[in-house]
Amino acid sequence: MSVGAKQYKAIGDDIWKRTDKVNAELFTLTYGALVVQLIKDYEDYGEVNKQLEKMGYNIGIRLIEDFLARTGLQRCQSFAETAEVISKVAFRTFLGISPSLSFPPPSNNNQNQNLPQPNEFILTFDENPLAEFAELPRDAREGGLWFSNVLCGVIRGSLEMIQMQVETRFLSDVLRGDDSTEMYVRLVKVLEEEQPENDE
């Protein structure tokens, strides 16, 4: 583990110790009830995935301010550093977990060579509090439901607020019978900071 990674892990652990906790079972069961209600409302797992991602996005655009205020962290110098902060500090701060982080080897079909490298990472979850008491029925697994898709939206919304447009998606999920739960995050582009009109 690099010096930066150790430092971020320590920051995440410290914030977790100082954070008021919500009952984990209540949180998990409430989230599960939300997903069940979305399934009943939309009767289409693809649409449920979209709604979960949209909810997460709306959470993320607000959560980033709270995160920055709690941590006092400055702007990351690279996308790799951003990935470390997400893995070691953000997930620890809000969910009490620290998914492991890996960087896939750069591919030749990278669409935008102007982006900083690495421009993608994978988070592997040893534990997922959202799925603690969940079991997916066969039709949900076969229908393509990503139970924790709200997390993809949270990351996308949070990073967009700090001028990073990303693509996020789950690659695998233990609830779907996979060996691990993995989320893929790819930097699409760095957004320009918008100046308010008439700002001189």
Side-chain angles (χ1 to χ4, degrees), residues 1-19 53-54 56-129 148-172 180-197 199-200:
M1 191 181 293
S2 70
V3 175
K6 287 179 183 175
Q7 174 188 351
Y8 290 133
K9 183 177 181 338
I11 292 170
D13 288 345
D14 181 54
I15 293 169
W16 176 248
K17 289 176 193 167
R18 294 183 286 129
T19 300
E53 201 277 345
K54 184 178 176 182
Y57 176 83
N58 288 326
I59 292 168
I61 61 176
R62 290 165 180 78
L63 201 61
I64 187 69
E65 289 180 25
D66 182 47
F67 174 75
L68 294 173
R70 283 186 195 202
T71 63
L73 291 174
Q74 300 299 311
R75 180 179 292 274
C76 293
Q77 298 303 309
S78 67
F79 193 63
E81 184 182 3
T82 300
E84 289 283 356
V85 169
I86 290 169
S87 171
K88 309 279 186 302
V89 185
F91 273 100
R92 184 77 176 141
T93 300
F94 294 109
L95 292 177
I97 62 172
S98 295
S100 59
L101 174 66
S102 60
F103 297 94
S107 60
N108 292 337
N109 62 356
N110 240 343
Q111 287 103 346
N112 190 343
Q113 297 298 327
N114 296 327
L115 292 174
Q117 296 297 320
N119 68 340
E120 55 189 358
F121 62 89
I122 295 172
L123 296 170
T124 304
F125 297 84
D126 294 326
E127 54 185 320
N128 179 356
S148 302
N149 213 40
V150 70
L151 296 176
C152 290
V154 169
I155 289 176
R156 187 173 70 88
S158 296
L159 292 180
E160 193 170 297
M161 295 308 291
I162 56 171
Q163 277 66 51
M164 291 183 202
Q165 182 182 346
V166 296
E167 166 198 333
T168 58
R169 69 177 186 278
F170 276 97
L171 300 174
S172 60
S180 62
T181 301
E182 295 182 319
M183 181 193 297
Y184 171 81
V185 181
R186 182 178 67 88
L187 179 63
V188 175
K189 70 178 180 179
V190 177
L191 303 169
E192 298 292 323
E193 284 203 54
E194 294 181 13
Q195 295 294 326
E197 286 186 36
D199 188 33
E200 296 179 23

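What you see below is based on every heavy atom in this structure, not just the backbone, and it leaves out hydrogens, waters and symmetry mates.
- One finds the CZ atom of Arg169 at 9.5 Å from the SG atom of Cys152 (value rounded to the nearest 0.5 Å).
- Between Phe79 and Phe121, the distance separating the two ring centers is shorter than 6.0 angstrom.
- Looking at residues two or more places apart in sequence or on another chain, you find a side-chain hydrogen bond (donor to acceptor under 3.5 Å, both in side chains) between Ser148 and Asn128.
- Contact detail for Gly157 and Ile61: the closest heavy-atom pair is O-CG2, 3.4 Å.
- Closest heavy-atom contact between Leu191 and Gln165: CD2-OE1, 3.8 Å.
- Not a single ring pair (Phe, Tyr, Trp, His ring centres under 6.0 Å) links Tyr57 to another residue, sequence neighbours left out.
- Partners of Ile64 under the side-chain contact (heavy atoms from CB on, under 4.5 Å) rule, at least two apart in sequence or in another chain, are Phe67, Leu68, Ser158, Met161, Ile162.
- Taking Thr181 as the reference, Asp173 meet the side-chain hydrogen bond (donor to acceptor under 3.5 Å, both in side chains) condition, with sequence neighbours excluded.
- For the pair Pro99/Ile97, a side-chain contact is recorded, criterion being any heavy-atom separation below 4.5 Å from C-beta on.
- How far CD of Glu167 is from CG of Asn119: 10.5 Å, rounded to the nearest 0.5 Å.
- With sequence neighbours left out, Thr124 forms a side-chain contact (heavy atoms from CB on, under 4.5 Å) with Ser100, Ile122, Ser180, Glu182.
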When you look at Val185 and Met183, which way does the side chain to side chain contact (heavy atoms under 4.5 Å, CB included) test go after all the steps? CA-CA 7 Å; Val185 181; Met183 181 193 297; 4.2 Å; yes
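- Here the straight-line distance linking atom CE of Met164 with atom CZ of Arg156 works out to 15.5 Å at 0.5 Å rounding.
- In this structure, the separation between CG on Leu151 and CD on Glu53 is 11.0 Å, given to the nearest 0.5 Å.
- Judged as a side-chain hydrogen bond (donor to acceptor under 3.5 Å, both in side chains), and not counting sequence neighbours, Arg62 has no contacts.
- Take Glu65 and apply the side-chain hydrogen bond (donor to acceptor under 3.5 Å, both in side chains) test, not counting sequence neighbours, and it matches no residue.
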Should Glu160 and Val166 be marked as a side chain to side chain contact (heavy atoms under 4.5 Å, CB included) after you check the CA-CA gap, both sets of side-chain angles, and the distance that decides it? CA-CA 7 Å; Glu160 193 170 297; Val166 296; over 6 Å; no
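- For residues 71-82, every residue pair satisfying the salt bridge (Lys or Arg N to Asp or Glu O under 4.0 Å) rule, not counting sequence neighbours, is listed here: Arg75-Glu193.
- Considering only residues two or more places apart in sequence or on other chains, Asp66 meets the salt bridge (Lys or Arg N to Asp or Glu O under 4.0 Å) condition with Arg70.
- Note: Glu84 CD to Leu101 CG = 5.0 Å, rounded to the nearest 0.5 Å.
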Hey, mind stepping through Leu159 and Ile86 against side chain to side chain contact (heavy atoms under 4.5 Å, CB included) and telling me if it holds? CA-CA 10 Å; Leu159 292 180; Ile86 290 169; 4.0 Å; yes
Mind running side chain to side chain contact (heavy atoms under 4.5 Å, CB included) on Ile155 and Leu123 for me, showing each step along the way? CA-CA 11 Å; Ile155 289 176; Leu123 296 170; 4.1 Å; yes
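- The distance from the OG atom of Ser102 to the OH atom of Tyr184 is 11.5 Å, given to the nearest 0.5 Å.
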